[in-house]
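Everything numeric here is computed off the predicted structure, so don't read it as measured data.
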Amino acid sequence: MSKTTNEVKENKKKAKKKSTGFDIMYRVVTAVLAVAVFPVTYFMNLIYYALDWTNAMKLMNNISDILNSGSILEGLANLFLPNSDPTQQVTEITDGYICLAKLDEFKSLINMASSGEDVNIREMLFHNAQLRPLVISLALFAVVLVLALVILIVSIFKNKPKLVAAIAGAGAVLGIVSNTIFVTRFANPLVDGTTTLGSILGSDSFLLQMFGDVIELRYENAFFTVLFIMIAILIWSLAVIIVNSDDDAEKAIKKAKKAERKAKKAQKQAKKAGKQAKKASQMLKEEQEKTEKAES
């Protein structure tokens, strides 16, 4: 192996930045934050829903009154002219959460609302145009989870705060876009009545088609916790980048001062060498003069 090859290898070794205690701490904290995304997504509530069944229950109760009433006219009067006393009005609201860990329970709820039919959730999601905003929103959220996995891998094997900051920033942006699509294109149309539950689920259930009103629909803790974690990783990485840039500037200043000291030292040595050379030249001249005098 040639001397040049050895020098190149030595220079590469010197060029590699040594991992300090702070760098290791940064990577550990980043990895912990990234890995926390997955249990949060799986075990925490992802979507909150609230359904109003008040009109459906009133209709069912009035029909029951007609069937059980001794007077058909009295029963019809109760149906079309319900009691207006607000103290006797009952609100029937069903609310709950969708959690990935308890997705089977939510599927059972959908089956019950769809007249007991077994609903294929995957087919319902991908073959219903009205559910396309929900699918897009969930797909973007899935990309955020993939980016969290990439951050975990990078933080384990490399000290790359700039790369991690870029990935976390992309994840935060995708999370915000995902929530915007979910709210504006999916939740709001259901809440304001533009889209009905029956058309969404493809169900012919009379109750679902006519009287099941969505009064609230939103992303829950799992989504916003993941978004918060991505923003936290972004801020943490930016802080480390700033600290490292300050360290690099300080190192550059120290390096410049050291080079300046070396230059001054070399200048002094050059002056000293110049004086010695001048002295030697003078002594040589004197010796030549002595030699010439001796010969004459």
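Rounded to the nearest 0.5 Å, atoms CG (L140) and CG (N179) are 11.0 Å apart. Atom-to-atom distance recorded for L51:CG and D95:CG is 8.5 Å, nearest 0.5 angstrom. Note: T195 OG1 to R185 CZ = 10.5 Å, rounded to the nearest 0.5 Å. Annotation: the span from F22 atom CZ to R27 atom CZ amounts to 13.0 Å, rounded to 0.5 Å.
The closest side-chain heavy-atom distance from T41 to L46 is not below 4.5 Å. Here the side chains of N244 and D23 are in contact, with some heavy-atom distance below 4.5 Å.
Scanning all heavy atoms of the two residues, the minimum distance from N221 to M44 falls at CB-CE, 3.3 Å. Contact between L217 and A187 at its shortest, heavy atoms only, is O-CB, 3.5 Å. Among all heavy-atom pairs drawn from P133 and A129, the shortest one is CD-O, 4.0 Å. Here the closest heavy-atom approach between residue P39 and residue V35 is recorded as CD-O, 3.1 Å.
Residues forming a ring pair (Phe, Tyr, Trp, His ring centres under 6.0 Å) with F186 (at least two apart in sequence, or on another chain): F182. Every residue meeting the ring pair (Phe, Tyr, Trp, His ring centres under 6.0 Å) condition with F141, not counting sequence neighbours, appears here in chain and number order: F223. Remark: S137 engages S178, Y219 in a side-chain hydrogen bond (donor to acceptor under 3.5 Å, both in side chains) (not counting sequence neighbours). Residues forming a ring pair (Phe, Tyr, Trp, His ring centres under 6.0 Å) with Y48 (at least two apart in sequence, or on another chain): Y97.
Heavy atoms of other residues, nucleotides or ligands lying less than 6.0 angstrom from CZ of R218 number more than 12.
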In a table with atom names and distances, give each donor-acceptor pair under 3.5 Å that connects a side chain of residues 148-158 to protein atoms at least two apart or in another chain.
residue	atom	partner	partner atom	Å
S155	OG	I151	O	3.0
S155	OG	L152	O	2.8

Review item, side-chain donor-acceptor pairs of residues 226-240, under 3.5 Å, at least two apart:
residue	atom	partner	partner atom	Å
W236	NE1	Y26	O	3.4
W236	NE1	T30	OG1	3.3
S237	OG	Y26	OH	2.9
S237	OG	I233	O	2.9

